[in-house]
Novice: 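Structure provided below as structure tokens; questions to follow.
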Amino acid sequence: MKTEEPLSATVEEYLETVYNMSMEDEVVIGARLAEKFRVAPPTVTEMLKRLVRDGYIEMDNRRQVTLTEAGNQAAEAVLRRHRLTERFLVDMLGMQWHQVHEEACRLEHFISGAVEARVIAALNNPTTCPHGNPIPGSVENARSYLKDRGAIRLSSVLLGEVVTILCISEVVEDEEALILYMHEKGLTPETQLTVLSPGGGSEHEQDESFIVQVGGKEVCISKSAAAKIWVQR
């Protein structure tokens with residue numbers, strides 16, 4: 001493994017995605033990655049072979065992907081730059097939290113260690129990005145952040161329960177329309193809400209309405225969207 005050479009942006013994005021999906025207890029397989037990156041399955045297969053060869057991932061007999069220690073370190077390094085960049089864009093440049101993900105995706109591959117250190121100092125060592133996700137290196141055990149805080153998906157909360165939003169899934173931050181809707185409806189980190197209707201139990205429950213009360217207003221989202229919001233009781 002040639003650790004002295006910088007990783008390509010594509011490799012970093014794959015490692016980031018595997019890390020984030022694993023953090024949220026999602027099964028990581030080639031088909032899911034192909035769906036995420038909107039590429040053909042053979043393209044993903046070739047990349048996974050390369051990542052296995054270079055020692056960043058392992059695959060079991062069910063073709064499930066896990067990061068090696070080297071892969072975990074590489075993923076956390078780029079995620080750290082990504083989330084620090086998002087925080088910088090919001091806190092220092094005044095951008096809205098729902099606008100910064102794509103900008104950070106472009107910048108994260110080019111930030112030097114010196115710039116990273118200056119950003120950390122300027123922001124007083126922030127621990128989370130504007131979406132509520134942990135910044136590796138600033139939070140101990142970022143990989144187990146959700147589990148350590150007893151976080152659950154909003155979609156699993158019962159009728160009448162009051163919860164507080166911890167973070168928005170990193171896996172779907174690039175779904176611009178969904179993030180914008182959450183912003184407009186006040187579904188943001190640290191916001192308290194009450195579940196008014198947890199959806200139905202039919203075979204199509206992922207598409208059914210999930211209704212919550214936020215700041216005295218009723219907000220309707222899909223059950224699948226509610227699964228992308230992590231909350232604490």
Side-chain angles (χ1 to χ4, degrees), residues 1 3 5-28 32-33 36-37 44 47-48 51 54-58 65-93 95 97-149 151 165-176 179 189 228-230:
M1 184 173 59
T3 54
E5 294 182 2
L7 299 178
S8 71
T10 302
V11 167
E12 289 186 333
E13 287 165 5
Y14 268 78
L15 296 178
E16 276 184 287
T17 300
V18 173
Y19 182 100
N20 287 324
M21 292 175 71
S22 299
M23 177 180 166
E24 298 186 20
D25 289 329
E26 293 192 32
V27 175
V28 186
R32 296 291 306 280
L33 293 171
K36 165 70 177 174
F37 290 114
V44 172
M47 175 56 74
L48 294 180
L51 294 175
D54 292 346
Y56 291 112
I57 67 167
E58 294 176 342
V65 180
T66 56
L67 294 172
T68 62
E69 182 56 34
N72 189 73
Q73 290 180 6
E76 289 198 336
V78 68
L79 272 171
R80 179 173 173 80
R81 298 195 301 269
H82 177 94
R83 291 172 181 171
L84 282 170
T85 300
E86 289 183 327
R87 182 56 72 187
F88 176 81
L89 292 173
V90 170
D91 293 0
M92 302 296 285
L93 300 188
M95 293 181 69
W97 75 287
H98 66 288
Q99 300 172 323
V100 296
H101 178 72
E102 289 302 319
E103 291 293 339
C105 283
R106 285 187 280 269
L107 294 169
E108 66 188 20
H109 308 293
F110 307 105
I111 295 174
S112 68
V115 170
E116 180 182 314
R118 293 295 293 270
V119 170
I120 292 168
L123 298 179
N124 194 28
N125 195 27
T127 57
T128 62
C129 76
H131 307 91
N133 289 294
I135 297 174
S138 297
V139 170
E140 190 174 354
N141 300 322
R143 187 88 177 262
S144 61
Y145 184 78
L146 297 174
K147 190 173 297 183
D148 292 345
R149 284 155 184 78
I165 296 176
L166 178 66
C167 63
I168 308 300
S169 172
E170 181 83 60
V171 176
V172 296
E173 280 184 24
D174 54 2
E175 293 186 24
E176 294 182 14
I179 290 293
K228 297 164 185 175
I229 299 174
W230 289 89

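Computed from a predicted structure; not experimentally measured.
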Novice: The criterion is side chain to side chain contact (heavy atoms under 4.5 Å, CB included); which residues satisfy it with Ala77, sequence neighbours excluded?
Specialist: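 Partners of Ala77 by the side chain to side chain contact (heavy atoms under 4.5 Å, CB included) criterion, ordered by chain and then number, come out as Arg81.
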
Novice: Just jot down the side-chain hydrogen bond (donor to acceptor under 3.5 Å, both in side chains) partners of Gln99, sequence neighbours excluded, or say none.
Specialist: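 Not a single residue meets the side-chain hydrogen bond (donor to acceptor under 3.5 Å, both in side chains) criterion with Gln99.
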
Novice: Quick check: does any side chain N or O of Asn133 sit under 3.5 Å from a backbone N or O of Ser169, one acting as donor and the other as acceptor?
Specialist: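 No: the side chain of Asn133 does not pair with the backbone of Ser169.
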
Novice: Just to verify, what does Arg143 make a salt bridge (Lys or Arg N to Asp or Glu O under 4.0 Å) with, not counting sequence neighbours?
Specialist: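 Residues passing salt bridge (Lys or Arg N to Asp or Glu O under 4.0 Å) with Arg143: none at all.
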
Novice: Taking only residues two or more places apart in sequence, or in another chain, which ones meet Ser138 in a side-chain hydrogen bond (donor to acceptor under 3.5 Å, both in side chains)?
Specialist: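 Per chain and number, Ser138 pairs via side-chain hydrogen bond (donor to acceptor under 3.5 Å, both in side chains) with Arg80, Asn125.
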
Novice: Who pairs with Glu108 by side-chain hydrogen bond (donor to acceptor under 3.5 Å, both in side chains), at least two apart in sequence or on another chain?
Specialist: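 side-chain hydrogen bond (donor to acceptor under 3.5 Å, both in side chains) list for Glu108, sorted by chain: His82.
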
Novice: For Asp91, enumerate each residue passing the salt bridge (Lys or Arg N to Asp or Glu O under 4.0 Å) test, keeping only those at least two apart in sequence or located in another chain.
Specialist: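 Counting only residues at least two positions away or on another chain, Asp91 forms a salt bridge (Lys or Arg N to Asp or Glu O under 4.0 Å) with Arg87.
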
Novice: Could you list the residues that satisfy side chain to side chain contact (heavy atoms under 4.5 Å, CB included) with Arg149, not counting sequence neighbours?
Specialist: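 Partners of Arg149 under the side chain to side chain contact (heavy atoms under 4.5 Å, CB included) test: Val139, Tyr145, Leu166, Gln232.
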
Novice: Taking atom CE of Met47 and atom CG of Leu15, what is their separation to the nearest 0.5 Å?
Specialist: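 One gets 9.0 Å once the value is rounded to the nearest 0.5 Å.
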
Novice: Where the side chain of Ser144 meets the backbone of Lys147, is there a donor-acceptor pair that is under 3.5 Å apart?
Specialist: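 It does not hold such a pair.
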
Novice: Roughly how far apart are Lys36 NZ and Met21 CE, rounded to 0.5 Å?
Specialist: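 The CE atom of Met21 is 8.5 Å from NZ of Lys36, to the nearest 0.5 Å.
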
Novice: For Tyr14, check side-chain hydrogen bond (donor to acceptor under 3.5 Å, both in side chains) against everything at least two apart and list the hits.
Specialist: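 Expected list: none.
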
Novice: Return each pair, listed once, that meets salt bridge (Lys or Arg N to Asp or Glu O under 4.0 Å) where at least one residue sits in residues 124-136; pairs must be two or more places apart or across chains.
Specialist: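 Qualifying pairs, neighbours excluded: none.
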
Novice: Identify, with sequence neighbours excluded, every residue that meets side chain to side chain contact (heavy atoms under 4.5 Å, CB included) alongside Leu89.
Specialist: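 Only Thr85, Leu93, Met95, Val100, Glu103 meet the side chain to side chain contact (heavy atoms under 4.5 Å, CB included) criterion with Leu89.
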
Novice: Please test Ile168 against Ile229 for side-chain contact (heavy atoms from CB on, under 4.5 Å), starting from the C-alpha separation and ending with a verdict.
Specialist: CA-CA 5 Å; Ile168 308 300; Ile229 299 174; 4.1 Å; yes

Novice: For the CG atom of Asp25 and the CG atom of Leu146, what is their distance to the nearest 0.5 Å?
Specialist: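 So the gap between those two atoms works out to 8.0 Å.
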
Novice: If you round to the nearest 0.5 Å, how far is CZ of Arg106 from NE2 of His101?
Specialist: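 Those atoms lie 10.0 Å apart.
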
Novice: Any non-hydrogen side-chain atom of Thr17 less than 4.5 Å from a side-chain atom of Val28?
Specialist: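 Counting from C-beta outward, Thr17 and Val28 never come under 4.5 Å.
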
Novice: Quick check: does any side chain N or O of His98 sit under 3.5 Å from a backbone N or O of Glu176, one acting as donor and the other as acceptor?
Specialist: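 No, because the side chain of His98 does not come within donor-acceptor range (under 3.5 Å) of the backbone of Glu176.
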
Novice: Tell me, please, which residues at least two apart from Asn124 pass side chain to side chain contact (heavy atoms under 4.5 Å, CB included).
Specialist: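 For Asn124, no residue satisfies side chain to side chain contact (heavy atoms under 4.5 Å, CB included) once neighbours in sequence are set aside.
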
Novice: According to salt bridge (Lys or Arg N to Asp or Glu O under 4.0 Å), who are the partners of Glu140, at least two apart in sequence or on a separate chain?
Specialist: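 Not a single residue meets the salt bridge (Lys or Arg N to Asp or Glu O under 4.0 Å) criterion with Glu140.
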
